Every structure is written in structure tokens, then in C-alpha cells.
**Student:** 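Below are the C-alpha cells for one structure; questions will follow.
Just so we're clear, the structure is a prediction, and the values are computed from it rather than from any experiment. Note on naming: letters A, B, ... go to the chains in the order of the sequence lines (proteins, then strands), and numbering restarts at 1 for each one.
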Amino acid sequence: MTRRLLERLGQALLVLWAAFTIAFVLLQLMPGDAVLIKFVGGDLGLSPEAVAEIRAFYGADAPAWRRYLDALAGVVTGDFGYSIASGVPVAEEIRTNLPATLWLAGLAFALAVGLALLVAFLATLGPFAWLRGAFQALPGLMVSIPVFWLGVLLIQIFSFKLGWVSVIAPGPWERLVLPVIAISIPIAAPLAQILIRNLDAVSTAPFVHVARAKGASRRWVMLRHVLRNALLPALTIAGVLFGELLAGAVVTETVFGLNGIGRLAEQAVRAQDAAVLQAVVLIAAFGFVAINLIVDLLYPLFDPRLRRGGRAPA
Amino acid sequence: MTNALLEPRAVGAETRPLLRISGLEVAYDGVPVTHDVGFEMAPGEVVALVGESGSGKTTTAQAVIGLLPPNGEITRGEIRLNGEEVSRWSPRRFDSIRGSVVSLIPQDPGASLNPVLTIGAQVSEVFRLHGRRDRAGIRAEVLALLERVGLSQPELRFRQYPHELSGGMKQRVLIAMALALKPALVIADEPTSALDVTVQKRILDLIDELRAENGTAVLLVTHDLAVAADRADRIVVMRGGRIQEQGPARELLAAPKEAYTRRLLADAPSLSAPALARPGRLGGETAIEVRGLVQNFPTDRGGSFRAVSNVSFSVARGSTHALVGESGSGKTTTARAVVGLRRPDGGKILVNGQDPAALRGEELRQFRRRIQLVYQNPFASLDPRQSLRAAVEEPLLNFEPLAKAERERRVHEVFARVQLAPELLERRPAALSGGQRQRAAIARALVLKPSILVLDEAVSALDVTVQAQILRLLDELQRDLGLTYLFVSHDLAVVRAISDTVSVLQGGEIRESGPVAQVFEAPQTEYARQLIAAIPGRLRRG
């Protein structure tokens, strides 16, 4: 068990390193850099010599391999460098923006799971055939709604038309309501689809028939036999959905004017702020790796077939 | 409630029947699939419901236990259990007798236990569902039950999960669940068709014993007339949703009235006479030669597991050699090595004088053309999205650059060889019966004109009648084309019908080998004797 844990941790570190390196290479391939964008031309009117001086200050004139090693060493020691656009340490930027995004993502994920369960149950256990049919079709519709459009629509309806959620100076929770809804819907859709399919498949499994033959009612069978087996595969895609969540955060934070990692990323892209982007990529990769690691390690707790050892002779 | 329904075994003709079905019609989506089905069962009696797939035997059994699929419905007739008409009971009312008065032993032990619950939890569930609450009492009873059905270390089994048990052990657990509350009627739906022959015999013996102990009646649903012949007091033969014939087992088997019953009897390999002697096929040149074959598989813990050790046999050209054994005996591993899908870890294989392990790249590809494989499951071995034409044509496209017209001619020719109508060429596998699919799979293997076919359980998934047809087809093809067969099977009755020579494998080693007649009539080893004694239908054979 410990050996497997170490193996998985090693793999996780490898993935993080690869993400960092690929991001670095891609950012190097972009023409220009943040210093040029910020200081050259226009109002500041700096001379080429002055710009070269600033570039030297930020280390932007060193050869690529040198900068790569510096950046890597920085990451290992927790130093992400300075944001060129704002002049603040990147670590500082992340610290101020991360909590908002974590709240947004966490609440959206919880809501998505709830929504998915609701839709899946109504689609398989709903009282009427037409109702089940309608809910079976719903995930397909939900997944095709673009987040930015949904965000704008939600603001239009709930803030401007109905006035339920204030746009001007909303409270810390109030400001989260609409973005959370906007992100959660496209995430709930694939989850609901997988749940519906699994509930259907497991409901026709022979062991369900056997449980019924023991005298179990439909409800008992659903709760005790079908549900856990149907939920297991959904756990696997949790890691994939995390990516959706981040992409959703970039769009919604921009649409709703929330300060968070998503907004930070969007601004850094505009400013070609390589250090900030590098950190955002690394945080996203860390989130992915951590969630997948947790899912992998938790899986054997839910599915005894994945526990090792103790196999009877065939 | 349960005790009132439990009565001692029938003593006289006046005894009230435990189960009386009359005029039963079940419809799926409004289309009737059984017509006017009627029979009776006395308490403690064993009645076998025999028929091919699609005969309505399982539907009838499902109606009795009130578990028809959601689109199924009883449209006519009645089902009386101990005099009470139950077919129109509410689901909730039916739940109260399921498991306690009528219970089920299912077909496929592998999929019939919940993979995420322990054995103990699943057996205990029967007691809990029927109102027992004392955990300690239930646990004690479950442990006693597990021991009663022949499971060693009941305490350990109680804690284990289904995947930690073998197929036979799982079926024992399912039997324990079905008989836990001593029901008056057990429906055993093909309870052993997924199990090895020796395990099959032990399981059927166990059901027999428990029946005698508890006075439980058994409705045995089976496609295997030989099993019915051994185990049933009475036999009901079904076909196309109707009862063809019913009566006491001995009478029905001795003097079947209906032509269909006679055909079933003739097609059952274990009931019909041993195959014709097939002289002159041995002693020719050697097509397959296996010497001291060893195959290892790596295990989880970094060690290795010897699946096949020191296996040797040879097959004469134009003859059939059978590899017989139970699951885990190494028979399929051996066959895969012969086809060149796995390199041996030791020993030597010569096929048509060539050693597949010494071949690389294009040579190996050409080698495979001469030796083709037909798999067990015709439902899984054909691509569901390919038409039969595409499936049969594909090997030609891989191996022979033929003009379209010539390819067309070859496909039609091989289709005719396996006796499939050309109209079926455009169909997809889902629109075919099991027999047609297996014919198509054989056609696909034959289209390259190989000299050797390796048939891995090629008829095991088929109904007896279809099985008999495929065996006849294989025999004809062998005569006409001079094919050599390596026939892998766990079914000794089928092996006796088709093979010239046989090797009996156990635990990766050959226990006994020789001409079929010699091995079957005068087995030299204890294991071969056990295997042969376990073939169902022995009562009728005498």
C-alpha cells in the first residue's frame, strides 16, 4: 500500500513538472513579453536603453535555459517571481485571488452534483414516462449551453428584470449566487448523463434481479444495490470535470466581475504576464493532479474489487 | 405464513398441488410470447422446464415468481400457489412471499451477487427483508447456512466479497440465499450452465440434497435435456411459447410422443449414442506437434504463475484433437500458443512443420493464414457494426489482393459452404440467431482456406439443437476440405461426439490422453473418471 502511494506521488510530481515545462516553453514561443507591452511605446516614452535595463532587472534578457532553471528553482522554493503588469509578487496575487475561486468552484461543484443526482433520479425513477423522457433529454441541452451566454442571461433575468440579486455592491454570498449557477449547469450535464446510463445498466444487472427475488422492494433495491454501483464510475470523471470548472471560472469571473484566479489568468494573458500565467498553469495542474490522486486513493474504499490481496483460489 | 405453505412431500394423488399454472399467456409490449401454458407441481417435486432459447421457459418461470421485465405482462390465465391465485397480486404483496415462499437460484453466478457488498451482508439480507432484526441470531444462521452449502471457512466467506470467490462458490452462496427461509418452491433458472462439468454435478447434487431435507419443490429451467433426465420427476418440454409435451421423466424420455422431443433427445450429445467410429484418420502425417510446452503468466506480486507445464500432444492431418479440462486447466492458453498468439516460455510447437515462435513479421502473418481461430461466444466475436459481408471479406482484404468480383465470388462460396443464405450477407450480427452467427464466424475463418481450425469452446454457447447442427457442419467441412481441428472444450459429451483423440488437462498438465473411445470407455486416471462420471444424462445411459 505504501509502495503504491509513493508510486502515485512520484507520478503526480512528474505530471506537475511536465505541466510547468510545457507551459514555460509555450510562453517562450509567444512573440514579445510583458516588459515590452507595458513599457514600450505610448505614454511612458522610455528609450530603448531604459527598456533594456528594465528587461535586465526582471531577468528577461537571460538565455531561455537560464530563465527556465531560475523559474524552476523559484517554484521549488515557493517563489513565483513578480508580476510585471502590477509589480506585485505573483505569490501575493495568488493569495488574494485564490479563496474567491475556491469558493466559487467548490460551491459550483456541490451544486452540480446535486443537480446531476436530481436529474438522474427523475430521469430513471420519475413517476410518468413523459417526465422521465424529458429529464433524459435534459443533460444534452444543458451541456450545449455556453457559460458566458448563461451568465449574461442570468444577470438579465435575476438582476435586471426581477431584481433578486443586486449587481451594485452585492454581499460576499450574494455575489456568488449567479456565477455558481452558471458554472454548475454545464458540469452537472455530463455527470447526469453518466448517472442515468449507469442507473439504467445496473438496474438490469442479474444481482438486482436476485435481490428482488429475495423479496426486496424496488426502493430497497435502488438504495442498497443500484445506487452505490451506479455512483462508482461517476467518481472517475470528477477529475475531468475539475478542468471544466477552471475554464468556467475564467469565463464567469470575467462576466460577473469577480476577482479570482480566472480573472487573474484572463488579465495576465492580455498583458502577456508570463510569471503569473506560469503560476496559474501550475495551480491548475496541481488541482488536477491532487483531485485525481484523491479519487484514485479513495476508489478502493468504495469498490472492494480494487483492494489488493486476499484472492481465493479459482 | 411460510409454515402454512410448507407441506411434506406428496403422498397421494389427492394432495393439493403446490403450483398450478393454467392457460398462461405472457405478452411483451402487448405481443404474446407464451400461449396456453399449463402444468402442475406437487410439493417437493422436481419439474424440469426444458426448451431452447426463445421457447418461453424463462418467461414462464419469471411469471411464477412475479418478476417479469417491465414491458412484460400476464394477459391471460392464472398462477395458483398453494391454491391462491397470485398472478394479479400487488407488487408489495408479492414482495412478502418472494424469498420466503418462492425463491430463485439464478443462471449466472458471476453477475448475480452485488460486487460491493460482502457475502455475509447479502445472505443476511434475506432474513432482514423478511422481518428478522437480531443481528447476532442472523449471523449465526448465515454461518450455519454457508457451512451447509459446502463452503469451507464460513467465517472467512462471511467477510469476503464476491470477486474473491470462484464461480462454484458463488453459486453455493446463491443457493444458500434461495433456501435460507426454507421456501416451498425454488426456481432454478439454468443454475449450472455457466459452471464446469464437475462443479455442475456437485451443485445439482447439493440442490437435490437440500430439496430432500426441506421438502422444497424445484422448478428446474434448463436447455439441457440430459440434466433434466438426471434430476427431474417430471419434464415439461416447451417450444415457441407453447408446451409441446409433458409427463413423468422416465416415460417421456423412453417414449417421446412429439417429433420435437425426439429431436431434442437426438441432438443432446450426452444422451445420444457415441459418435460414429471414424477410422483411417489417424496415422497420416502430423499437422500439429506440441512438445513440452510451458507457459507462465506474471502475477501481481512480481512472481510468475505456471499456467501450462510440460504439455505434449500431436494431431494427425485431417483429424480432430480435443483439449478437455475445467476453467484454469490451461487448455485455452495452450490453444493460443499453437496459433502463435503467445510465445512459449519453454518447449516447442510445430504447426505444418513451422515453429510459430521462430517466425517474425510477414512470415508470422502468413503463418496465421494457415491456422484460424473460432471463438466461444458468437455474440462477442463479431463486430456489431460490421455487416456479415464485411466481416467475412476482411481477412481477404488483409491477405489476398483480389479483384472485387473474385472477392465477391469467394465470399459467396464460403457462405454457401457454411449453409448460410446469401440474403444474410447484408445483415449485422444483432439481426442473426446464435447459430447463424457461429456459422458466420466459421465462414470468416474458412475464407482464407486454412488447413487448421482451432475451435475454442466453439459450440458451448449454443442450444443443443443448434449445437448439433454446427457439429454436423464441422464434420462435413472436415471431410470435404481435409481440415485439422484442435477442439478446446469443457463439455465432454461434445468432445466425444466430434473428436478422434483427446488430451485431458488439469492444472496445466496433461492427466491422460489417447483415442476418444479408449479415454471415455476405460479412463486410466481418477481425474478422467471423475470428469466422465460428471457428464449429465448418465441415468438414461444406464
Side-chain angles (χ1 to χ4, degrees), chain A residues 1-4 7 123-129 132-133 198-236 298-314, chain B residues 62 65-67 69-70 91-92 94-118 121-123 125-131 152-153 156-157 159-169 174 177-178 180-181 187 189 300-301 326-328:
Chain A
M1 190 60 208
T2 40
R3 197 180 138 200
R4 182 153 165 267
E7 262 175 37
T124 44
L125 299 172
F128 313 106
R132 290 196 295 269
N198 289 336
L199 284 173
D200 276 348
V202 178
S203 300
T204 59
F207 68 81
V208 168
H209 195 75
V210 168
R212 292 278 287 146
K214 287 196 253 182
S217 65
R218 265 176 218 290
R219 224 189 60 192
W220 173 291
V221 166
M222 184 47 79
L223 291 176
R224 215 179 126 80
H225 292 282
V226 177
L227 203 55
R228 188 155 155 212
N229 280 288
L231 287 178
L232 277 175
L235 201 59
T236 318
L298 281 184
Y299 228 111
L301 291 185
F302 296 109
D303 191 341
R305 283 165 294 187
L306 297 176
R307 287 172 216 161
R308 293 223 165 174
R311 202 167 258 282
Chain B
Q62 284 173 337
I65 196 169
L67 285 179
R92 180 168 299 188
F94 224 126
D95 285 344
S96 70
I97 64 160
R98 247 184 247 126
S100 59
V101 181
V102 195
S103 67
L104 175 78
I105 300 173
Q107 173 163 21
D108 178 4
S112 292
L113 289 169
N114 187 337
V116 301
L117 294 180
T118 61
Q122 296 190 59
V123 183
E125 191 179 20
V126 189
F127 293 96
R128 294 177 47 203
L129 280 167
H130 293 279
S152 59
Q153 297 175 276
L156 172 66
R157 306 300 167 220
R159 288 193 308 270
Q160 279 181 316
Y161 288 93
H163 71 277
E164 297 171 296
L165 270 53
S166 70
M169 286 156 83
L174 288 156
M177 292 190 326
L181 299 177
I187 294 170
D189 187 359
D300 279 356
R301 292 170 196 282
E326 304 185 76
S327 1

**Student:** Which one of B:Gln107, B:Arg92, B:Gln62, B:Arg128 has the most heavy-atom pairs closer than 4.5 Å to chain A?
**Tutor:** B:Arg128
**Student:** Would you confirm whether B:Glu125, through its side chain, and A:Ala211, through its main-chain N or O, come within 3.5 Å as a donor-acceptor pair?
**Tutor:** no
**Student:** Mark yes or no for whether A:Tyr299, through its side chain, and A:Leu232, through its backbone, hold a donor-acceptor pair below 3.5 Å.
**Tutor:** yes
**Student:** Tell me, side chain or backbone of B:Leu67 under 4.5 Å from chain A's heavy atoms, or both, or neither?
**Tutor:** both
**Student:** Donor-acceptor check, side chain of B:Arg157 to backbone of B:Leu165, threshold 3.5 angstrom: yes or no?
**Tutor:** no
**Student:** On a heavy-atom basis, which atom in A:Val208 and which in A:Val221 lie closest, and how many Å separate them?
**Tutor:** CG1-CG1, 3.5 Å
**Student:** Name the region of A:Arg228, side chain, backbone, both or neither, that has any atom closer than 4.5 Å to a heavy atom of chain B.
**Tutor:** side chain
**Student:** With a 4.5 angstrom heavy-atom cut-off, is it the side chain or the backbone of B:Ala180 that approaches chain A, or both, or neither?
**Tutor:** neither
**Student:** Tell me which of these, B:Ser103, B:Gly167, B:Pro106, B:Ser112, has more heavy-atom pairs under 4.5 Å with chain A than the rest.
**Tutor:** B:Ser112
**Student:** Sort B:Ile105 into side chain, backbone, both or neither according to what part of it lies under 4.5 angstrom from a heavy atom of chain A.
**Tutor:** neither
**Student:** Is B:His130 reaching over with its side chain to a backbone N or O of B:Arg98, donor-acceptor style, under 3.5 angstrom?
**Tutor:** yes
